[in-house]
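Worksheet: the structure to be examined is printed underneath.
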Amino acid sequence: QVQLVESGGGLVQIGGSLRLSCAASGRTFNNYAMGWFRQAPGKEREFVAAITRGGGRTYYTTSVRGRFTIPRDNAKNTVYLQMNSPKPGETAVYYCAARGGSGLGLGESSYDYWGQGTQVTVSS
């Protein structure tokens, strides 16, 4: 089992920055590729970003490319989502997820473990 706990959510203004953290425990963190997803009110959960086990490859949904990054610190068992210049439509609950094995995971079914989510509200 892997336990994931997100933190860092809150209110952020358009044009501001916010960094979400996801702390993992229970298994060897660098055995897992990680991802971030989000679910806005009334919408399905969607993929945001993913990173491989060693951090050598990342992938982003088109709408956040160039604004968000997904660094990870394997020594701290933590993956982050750095959100720069968020937009109002990106108000959502943000979830981190872990998947065993190599490679990136782009769909929900690729992931084995999920955190409880953290609320991000983008305001003007």
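Residues: numbered from 1 along the sequence shown.
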**Prompt:** Should M34 and R72 be marked as a side chain to side chain contact (heavy atoms under 4.5 Å, CB included) after you check the CA-CA gap, both sets of side-chain angles, and the distance that decides it?
**Reply:** CA-CA 9 Å; M34 301 296 295; R72 67 186 292 163; 3.7 Å; yes
Are the side chain of [X] and the backbone N or O of [Y] linked by a donor-acceptor pair below 3.5 Å?
{"X": "T52", "Y": "G103", "value": "no"}
{"X": "T78", "Y": "K76", "value": "yes"}
{"X": "E6", "Y": "L20", "value": "no"}
{"X": "N77", "Y": "G26", "value": "no"}

Spacing of [atom1] belonging to [X] relative to [atom2] belonging to [Y], to within rounding of 0.5 Å:
{"X": "Q82", "Y": "T69", "atom1": "CD", "atom2": "OG1", "value": "5.5 Å"}
{"X": "T61", "Y": "E46", "atom1": "OG1", "atom2": "CD", "value": "6.0 Å"}
{"X": "E108", "Y": "S110", "atom1": "CD", "atom2": "OG", "value": "9.5 Å"}
{"X": "F68", "Y": "S17", "atom1": "CZ", "atom2": "OG", "value": "9.5 Å"}
{"X": "R57", "Y": "I70", "atom1": "CZ", "atom2": "CD1", "value": "13.0 Å"}
{"X": "N84", "Y": "L18", "atom1": "CG", "atom2": "CG", "value": "9.5 Å"}

What's the shortest heavy-atom distance between [X] and [Y], and which atoms?
{"X": "L4", "Y": "A98", "result": "CD1-N, 3.8 Å"}
{"X": "A24", "Y": "F29", "result": "CB-CD1, 3.4 Å"}
{"X": "Y60", "Y": "V64", "result": "CB-CG2, 3.9 Å"}
{"X": "G105", "Y": "A50", "result": "O-CB, 3.5 Å"}
{"X": "P88", "Y": "V122", "result": "N-CG1, 3.8 Å"}
{"X": "V48", "Y": "Y94", "result": "CG2-CE2, 4.4 Å"}

**Prompt:** Do W114 and L81 sit in the same hydrophobic cluster, where Ile, Leu, Val, Met, Phe, Trp and Tyr count as joined when their side-chain heavy atoms come under 4.5 Å apart?
**Reply:**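 No, W114 and L81 fall in different hydrophobic clusters.
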**Asked** Can you get from L106 to V79 by hopping between Ile, Leu, Val, Met, Phe, Trp and Tyr side chains that sit under 4.5 Å apart?
**Response**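 Result: no, two separate clusters.
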**Request:** Let me see the working for Y80 and D73 under side chain to side chain contact (heavy atoms under 4.5 Å, CB included), right down to the final yes or no.
**Result:** CA-CA 8 Å; Y80 306 93; D73 186 340; 4.2 Å; yes
**Message:** Can you confirm whether T91 sits close enough to V120 that some side-chain heavy atom of one is under 4.5 Å from a side-chain heavy atom of the other?
**Reply:**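 A side-chain contact is absent here, since even the closest heavy-atom pair is not under 4.5 Å.
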**Asked** Should the pair E90-R67 be classified as a salt bridge under the 4.0 Å nitrogen-to-oxygen rule?
**Response** yes
**Prompt:** When you look at I51 and W36, which way does the side chain to side chain contact (heavy atoms under 4.5 Å, CB included) test go after all the steps?
**Reply:** CA-CA 9 Å; I51 188 167; W36 284 95; over 6 Å; no
**Request:** Give a yes or no on this: more than 12 heavy atoms of other residues, nucleotides or ligands lie within 6.0 Å of atom CD of Q13.
**Result:** no
**Message:** Checking Y95 against R38 for the side chain to side chain contact (heavy atoms under 4.5 Å, CB included) test, could you report, in this order, the C-alpha distance in whole Å, the side-chain angles of both residues, the deciding distance, and whether it holds?
**Reply:** CA-CA 6 Å; Y95 299 88; R38 65 189 177 192; 6.0 Å; no
**Message:** Parallel, tilted or perpendicular: which one describes the rings of F47 and F37, with boundaries at 30° and 60°?
**Reply:**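 Because their plane-to-plane angle is over 60°, the rings of F47 and F37 count as perpendicular.
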